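In what follows, a single structure is set out as structure tokens and then discussed.
Quick caveat, the model's predicted, so the values are computed rather than measured. Lettering of chains follows the sequences in order, A, B, ..., and the numbering in each one begins at 1.
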Amino acid sequence: MTRTTGPALALDDLRVSFPSAQGPVSAVDGVSLELRPDEILGLVGESGCGKSTLANAAMGLLPESAEVSGAVRLGDRDLTILAERDLRRIRGDEIAMVFQDPSTSLDPVWTVGDQVAETIRAHRDVSRREAKARALKLMREVGIPSAEQRYGEPPHRMSGGMKQRIVIAAALANDPAVLIADEPTTALDVTIQAQILQLLDGLRQRRGTAVLLITHDLGVVAQVCDRVAVMYAGQLVEVATTEQIFSHPAHPYTEALLRAVPGTGEPGAELTVIPGQVPDLAAPPVGCRFAPRCPFATEECSIRPPLEGDEAHGAVACWHPRSRDREVTAR
Amino acid sequence: MSVTGLPDVVAVAARPPARRARTSLMIGLVLLGILVLVAILAPVLAPHDPDAVDPNRVLAAPDGSYLLGADDFGRDVLSRTIFALRVSLLVAVSSVVVATLVAVPLGLVAGYFGGWVDTLVSRPLDMILVLPALLLALSLITILGPGSTVAALAIAVIYLPILARVMRASTLVTSQQDYVLAARARGSGHVATMVRHVLPNSIGPVAVQGSVLTGFALQLEAALSFLGLGTQPPTPSLGGMLADGRDVLSLAPWLEIVPGVAIALAVLSFLLIGDGLRRTLDPDGVAS
């Protein structure tokens with residue numbers, strides 16, 4: 001696998017909208033984001049903010065009704081304009097995906113081993129025996145005990161954590177440069193969550209796979225992500241290192257999101273909520289989409305703030321960023 | 001013996017649906033097995049030549065030699081029923097098999113791709129569906145001439161849209177499953193995804209519908225033969241035998257009872273298999 005020095009995956013002004021009775025719903029609105037080789041980038045936001053749409057767009061797996069503009073660059077190719085048969089060759093080979101619920105993302109009629117081997121045979125011209133040997137090796141690598149015995153088992157005989165390991169093994173079967181993990185731990189027990197996150201982190205370090213980790217759980221972000229991108233109503237509002245996001249959130253939405261995490265206030269204190277509602281994406285607010293719920297909004301906010309910043313401080317899309325030390329750099 | 005130490009009654013009460021599914025499936029399979037065996041071994045089992053005419057035994061009552069009596073030509077009713085069962089089962093099974101082989105790919109493609117592909121496949125099938133079944137069969141037979149092959153073909157055409165719709169509906173649900181999207185995310189093409197992941201997970205309801213329809217196909221074949229449009233004399237057929245015995249019902253009721261019971265048993269076996277399959281594949285009765 002050739003690894004370029006540039007970003008492993010780059011989204012360039014990506015827009016996705018779906019037709020609806022109320023007119024087009026813009027699920028992803030002008031997202032530009034770079035995923036660097038070797039890093040785990042967390043993509044955080046509420047349910048319905050466009051995280052999963054963004055993931056499916058990056059895989060070229062959106063339904064045909066979706067309107068896509070902008071670019072998804074993997075190496076020097078733009079996935080948004082590739083033909084289905086070229087996309088098929090890339091999916092599972094150069095870019096792979098782990099889904100949220102392992103109990104539904106494995107086919108019940110095939111054995112778990114078959115599903116790992118299938119991924120290899122979809123891309124490599126190898127014999128069944130060779131594919132099985134490779135699949136067994138992968139199953140051992142993701143920590144499945146007695147892989148030979150479990151190879152022939154149907155998914156329903158495995159626990160959720162084991163199934164998610166299988167899904168990860170299948171995703172990594174052809175050593176992809178990019179792994180998109182769409183809420184990979186949401187459906188699992190907390191103890192299993194930590195194991196799966198460690199597994200992803202270890203695989204990233206050993207194989208140098210860039211991981212886009214989509215989640216709404218800030219605890220998950222804190223554990224493994226190098227950088228974090230915060231999404232609100234289809235737009236990126238802030239991109240910064242994990243440390244900065246937690247210590248100096250610059251966007252009022254990021255700040256509010258951190259305050260809304262249970263367990264950060266006094267015991268017994270009321271949980272903090274963000275006032276107002278997520279905007280209707282068929283008729284989103286003009287300018288900053290968070291402005292109607294933002295305590296710091298001014299008239300300026302009716303113009304969309306650009307996502308600006310630098311490597312050291314991260315980037316924020318806000319006219320009134322919060323942290324003092326970043327106010328200077330963000331103008 | 002209960003391993004857990006609980007009374008066996010509790011263990012049984014905890015899983016009645018699965019047991020009932022197995023029971024009806026087993027009874028159906030055993031019954032069908034016997035009928036198929038009888039049909040296959042017809043030349044061995046039949047005590048007489050089914051076509052041998054005996055003027056001395058016209059409408060003879062059941063006795064030691066002619067166990068189930070003789071018909072208006074003095075032919076042995078038991079032997080004729082055994083041979084008729086052969087034709088009837090063959091027509092019923094082959095018509096549904098042919099219909100299924102055509103319907104499954106059509107329903108799969110329509111349900112998987114949806115949109116204009118669905119329209120292109122489903123609308124012509126709906127056009128067959130609006131025609132009354134028997135009228136459709138009669139028209140086809142009028143065009144192609146009577147006979148058991150044409151009857152089988154007509155029945156296949158009648159059941160094609162029904163089976164295709166079942167497959168399409170089932171495919172619509174399966175196509176939305178995460179594992180189908182996951183397979184595509186792993187690089188599986190549309191055809192491979194359909195064949196490997198959607199088809200095996202969608203075929204269950206078609207198997208259920210197919211076995212039930214085979215029972216009805218047997219009835220339909222009997223009806224066509226009764227009207228003289230299906231299997232042609234002198235080949236014995238269950239429907240044809242019913243037609244022959246109609247005029248002498250009060251003199252020789254065995255001419256009606258024997259083929260009638262044979263039809264009922266054959267239909268029952270297919271319905272029991274269908275019911276058992278449905279309960280096995282869908283124990284909670286979600287799809288019913």
Side-chain angles (χ1 to χ4, degrees), chain A residues 52 55-56 58-65 83-110 112 114-124 155 163-164 166-174 176 179-183 187, chain B residues 15 17-18 104 107-122 167-168 170-208 277-278 280-284 286-287:
Chain A
S52 295
N56 288 338
M59 293 295 293
L61 283 176
L62 288 171
E64 259 172 42
S65 58
E84 174 62 29
R85 49 194 290 271
D86 298 319
L87 272 177
R88 188 198 76 71
R89 276 194 217 115
I90 290 170
R91 282 189 213 120
D93 188 6
E94 294 171 54
I95 183 167
M97 189 159 175
V98 173
F99 291 83
Q100 176 170 346
D101 188 351
S103 62
T104 57
S105 57
L106 288 170
D107 188 334
V109 304
W110 295 94
V112 292
D114 279 338
Q115 297 186 56
V116 180
E118 181 195 21
T119 315
I120 300 169
R121 283 171 60 85
H123 299 284
R124 304 280 182 271
K163 277 186 270 196
Q164 196 62 304
I166 292 288
V167 172
I168 291 170
L172 293 172
N174 297 305
L179 179 69
I180 297 176
D182 188 359
E183 310 244 7
Chain B
R15 48 186 170 88
V104 164
L108 184 63
V109 167
Y112 180 82
F113 288 107
W116 64 267
V117 177
D118 185 15
T119 310
L120 198 71
V121 172
S122 296
M167 184 64 192
R168 175 181 169 273
S170 166
T171 303
L172 279 176
V173 176
T174 309
S175 300
Q176 298 305 313
Q177 298 296 313
D178 283 353
Y179 53 77
V180 173
L181 191 67
R184 299 239 296 120
R186 295 200 298 262
S188 175
H190 283 306
V191 176
T193 306
M194 265 196 290
V195 174
R196 287 178 61 89
H197 299 288
V198 181
L199 176 68
N201 284 292
S202 310
I203 200 76
V206 179
V208 173
L277 279 179
R278 185 183 57 75
T280 309
L281 297 170
D282 182 26
D284 305 324
V286 179

Interatomic spacing from CG in B:Leu181 to CE in A:Met59 - rounded to 0.5 Å | 8.5 Å
So, the side chain of A:Arg88 versus the backbone of B:Gly187: is there a donor-acceptor pair under 3.5 Å, distance only?
-> yes
Winner by heavy-atom pair count (cut-off under 4.5 Å) against chain B, out of A:His123, A:Glu118, A:Gln100 | A:Glu118
On a heavy-atom basis, the closest approach of B:Tyr179 and A:Pro108 is CE2-CD, 3.5 Å
Nearest 0.5 Å please: distance from the CZ atom of A:Arg121 over to the OG atom of B:Ser188.
-> 12.5 Å
How long is the span from the CD atom in B:Gln176 to the OG1 atom in A:Thr104, to the nearest 0.5 Å?
-> 12.5 Å
Please assess A:Met97 against B:Arg184 for the test side-chain contact (heavy atoms from CB on, under 4.5 Å), listing each intermediate value before the final yes or no.
-> CA-CA 10 Å; A:Met97 189 159 175; B:Arg184 299 239 296 120; over 6 Å; no
Considering all heavy atoms of both residues, which atom of A:Thr119 and which atom of B:Arg186 are nearest to each other, and what is their separation?
-> OG1-CD, 2.9 Å
Any side-chain donor-acceptor pair under 3.5 Å between A:Gln115 and B:His197?
-> no
Ignoring hydrogens and angles, state whether a donor on the side chain of B:Asp178 or A:Ser105 is under 3.5 Å from an acceptor on the partner side chain.
-> no
